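First the proteins, then the strands, lettered A, B, ... as listed; each starts at 1. The structure displayed is predicted, hence computed values, not measured ones.
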Number of protein chains: 2
Amino acid sequence: MLSSRIGILGGGQLGLMLLQAAVDWNLDIHVLDPDADAPCKKIAPHFQQGSLQDFDTVYEFGKNLDVITIEIEKVNVEALEALEKEGKRVYPQPAVIRQIQDKRIQKQFYSDRQLPTAEFILTDNKADAAQHASFLPAFHKLGKDGYDGRGVQRIATPADFDKAFDKPGLLEKAVPFTKELAVIVARNASGQTETFPTLEMVFHPEHNLVEYLFAPAAITPEIDAKAQEIAIKTAEAFQIVGLLAVELFLTPEGEVLINEVAPRPHNSGHHTIRANATSQYEQHWRAILDLPLGSTAAYAPSAMVNLLGEDGFEGPALYEGMEKILGTPQVFPFLYWKAITKPFRKMGHITIMDDSLDALKEKVAFVKDNIRVISSVK
Amino acid sequence: MLSSRIGILGGGQLGLMLLQAAVDWNLDIHVLDPDADAPCKKIAPHFQQGSLQDFDTVYEFGKNLDVITIEIEKVNVEALEALEKEGKRVYPQPAVIRQIQDKRIQKQFYSDRQLPTAEFILTDNKADAAQHASFLPAFHKLGKDGYDGRGVQRIATPADFDKAFDKPGLLEKAVPFTKELAVIVARNASGQTETFPTLEMVFHPEHNLVEYLFAPAAITPEIDAKAQEIAIKTAEAFQIVGLLAVELFLTPEGEVLINEVAPRPHNSGHHTIRANATSQYEQHWRAILDLPLGSTAAYAPSAMVNLLGEDGFEGPALYEGMEKILGTPQVFPFLYWKAITKPFRKMGHITIMDDSLDALKEKVAFVKDNIRVISSVK
């Protein structure tokens with residue numbers, strides 16, 4: 001299994017961390033990315049520039065490989081299906097990517113299988129959505145191609161339907177929630193599943209990006225058990241081979257609802273590189289190479305802060321304050337090899353560990369106050 | 001500091017692990033190695049084939065870089081001195097490499113500075129050595145170019161002087177010892193020092209290679225304090241910038257004696273990648289880039305088993321038993337990207353962690369019994 005020729009569709013930061021985890025086992029990794037200077041470029045054993053959405057490019061890339069995986073869902077699924085038919089191991093399976101790529105199918109999937117999720121109505125276009133004023137407040141979500149906070153609009157009053165998408169989408173009831181949680185679960189080709197400890201996400205109020213997260217989540221053992229169980233059931237319902245990141249809402253009544261899922265390593269699992277016996281990246285390789293899944297035991301409470309390009313700067317990136325944060329024990333910056341910073345661009349992340357949650361949160365505040373990604377160009 | 005252009009002389013497994021640690025900070029690493037297929041080749045951002053012992057090659061390699069370091073001592077020190085004179089930051093410093101490259105100078109250095117080490121006599125050649133029958137039993141050590149157990153002969157009786165080297169060397173009193181220990185210490189350009197926990201080495205009785213090691217060593221707090229103190233004093237005596245691996249003998253009387261040192265990441269520190277908050281490799285970068293040194297706190301007791309090519313096999317390497325050992329929690333194989341296995345060739349290592357030393361030793365035995373590096377070619 002370790003001698004397989006492996007392809008990754010996508011060479012961004014998730015691909016970079018997959019590559020790093022692959023070095024220990026000397027995996028033969030080939031990366032495809034449209035950007036000739038993608039984060040993976042510098043250390044990929046094999047790197048090819050090309051479109052992830054073009055049938056021929058993806059098909060030709062995969063034809064000479066044994067195993068094909070993804071670090072982004074927006075890929076040509078038809079090409080993956082053709083490769084799968086020819087006997088290539090494509091994980092996650094194209095059918096799963098197809099179900100998850102389209103939020104309409106994804107939501108219907110939960111509903112059909114009694115997996116808990118917020119109420120929703122499928123909508124064909126803006127006018128269709130606007131008929132459901134009685135369902136507000138709600139979020140209008142684009143069926144396909146939403147990403148990182150794009151493709152979602154909050155519709156509080158009928159006037160907001162102006163912002164609704166004029167494409168197939170869905171209207172999801174805005175559920176009041178007290179916390180956003182996530183559980184990353186791995187399932188290997190033999191059907192073994194293993195979860196990472198439940199984590200808690202703290203979103204930036206304006207940019208709709210995770211500002212920081214910490215693990216384990218500050219929740220009761222009962223809520224934790226519920227979150228873990230839902231994650232495993234969801235992975236088993238999809239029959240996914242690989243990682244599934246399950247984002248969850250915790251309601252004031254103690255209900256746990258699936259928000260959405262990603263069939264790949266996830267931004268909410270970066271901290272596992274340092275804090276857990278097996279990282280989500282190594283676990284992904286174990287799952288798709290059908291190896292026994294690794295222990296996900298945590299060494300200590302941990303947090304992850306996204307390192308975003310500072311507003312007002314666009315140009316060659318400078319990391320101000322690195323020496324200062326490196327002087328604090330168990331603060332681990334991780335940069336994404338992106339030459340150019342832009343406002344709010346994900347340039348890296350910082351994992352922070354400490355023995356107590358309080359000390360951890362103090363360190364998070366210190367790190368956030370002391371590091372900035374700027375540029376000499378304004 | 002993080003934007004420096006950095007060169008490593010040597011692209012073997014130590015270089016590979018240095019590279020891996022450099023990825024998190026996106027360090028711009030250039031590697032020089034005589035072997036076009038050196039372990040570093042696959043993931044080095046920049047790789048150049050060339051001799052480490054040729055003045056011009058080393059000088060030209062370093063000329064366009066800011067910081068130059070090593071992963072092996074056998075390099076052209078004159079070229080490094082020339083680069084240092086031109087203002088390049090060369091760490092460890094050429095003067096330190098020179099002192100350590102020659103075991104005669106190294107031993108004299110300890111003796112001059114009252115650093116504890118076994119008694120010795122400098123010898124010019126075989127005949128000279130053979131005059132010291134009354135000093136036996138002893139080891140005859142070649143002054144220069146000994147490596148990995150080569151360059152050392154045990155001289156138990158006068159008849160053994162036949163095996164002595166006919167070159168400048170030294171005769172070192174064979175001290176009875178109960179354990180072999182090591183302390184890896186880092187010292188940054190500002191003079192800050194930080195040690196890793198003392199570890200204990202278990203040597204293979206025949207091949208004179210570390211068979212496995214574990215940390216922390218099973219020693220009293222007093223012995224531990226002595227070992228740690230000697231390591232720091234030695235690093236400070238050399239004024240080294242970078243890592244110094246200090247190998248030590250523990251005598252039945254509780255004396256701790258310096259055996260020898262290496263001015264670079266060391267085979268005895270591989271386990272720190274998984275078991276410690278900061279690995280020796282990351283600590284090396286911190287030291288030579290003059291960043292604050294990281295916490296060396298261990299998450300759990302750990303062991304490291306060398307993965308040597310099985311006797312009787314030479315050819316394309318196959319790792320038999322990988323799936324089996326990966327099914328045991330906290331067993332972390334690390335392969336060195338060497339295509340061809342040979343008897344006793346270092347092909348990789350395995351880090352093993354557990355909460356108790358007893359459980360750890362059981363896992364070590366399990367791992368050693370279940371993995372082999374073989375080849376379909378005999």
Taking all atoms of both residues into account, what is the closest heavy-atom pair of B:R286 and A:V331, and its distance? NH2-O, 4.2 Å
Inter- and intrachain pairs under side-chain hydrogen bond (donor to acceptor under 3.5 Å, both in side chains), touching residues 350-362 of chain A, at least two apart: A:D354-A:K363
So do the side chains of B:F334 and A:N26 get within less than 4.5 Å of each other, counting heavy atoms only? no
Closest non-hydrogen atom pair between A:D290 and B:E323, with its separation: O-OE1, 4.4 Å
About how many Å separate CH2 of A:W25 and CG of B:L326, when rounded to the nearest 0.5 Å? 5.0 Å
With a 4.5 angstrom heavy-atom cut-off, which part of A:I29 approaches chain B: side chain, backbone, both or neither? neither
Can you give me every donor-acceptor pair (side chain of residues 294-302 of chain A, partner residue at least two apart or in another chain, under 3.5 Å) with its distance?
unit_1: A:S295; atom_1: OG; unit_2: A:A297; atom_2: N; d: 3.2
unit_1: A:T296; atom_1: OG1; unit_2: A:T195; atom_2: O; d: 2.9
unit_1: A:Y299; atom_1: OH; unit_2: B:Q330; atom_2: NE2; d: 3.1

Does anything in residues 39-49 of chain A reach chain B? List residues with heavy atoms under 4.5 Å apart, or say none. A:K42, A:I43, A:A44, A:P45
How far does CH2 of B:W337 sit from CG of A:L27, to the nearest 0.5 angstrom? 7.5 Å
Based on non-hydrogen pairs under 4.5 Å, which of B:G327, B:P333, B:P329 is most in contact with chain A? B:P333
Spell out the residues in residues 272-281 of chain B that have some non-hydrogen atom less than 4.5 Å away from a non-hydrogen atom of chain A, in order of number; otherwise answer 'none'. B:R274, B:A277
In terms of heavy-atom pairs under 4.5 Å with chain B, the winner among A:L19, A:V23, A:L16, A:L289 is A:V23
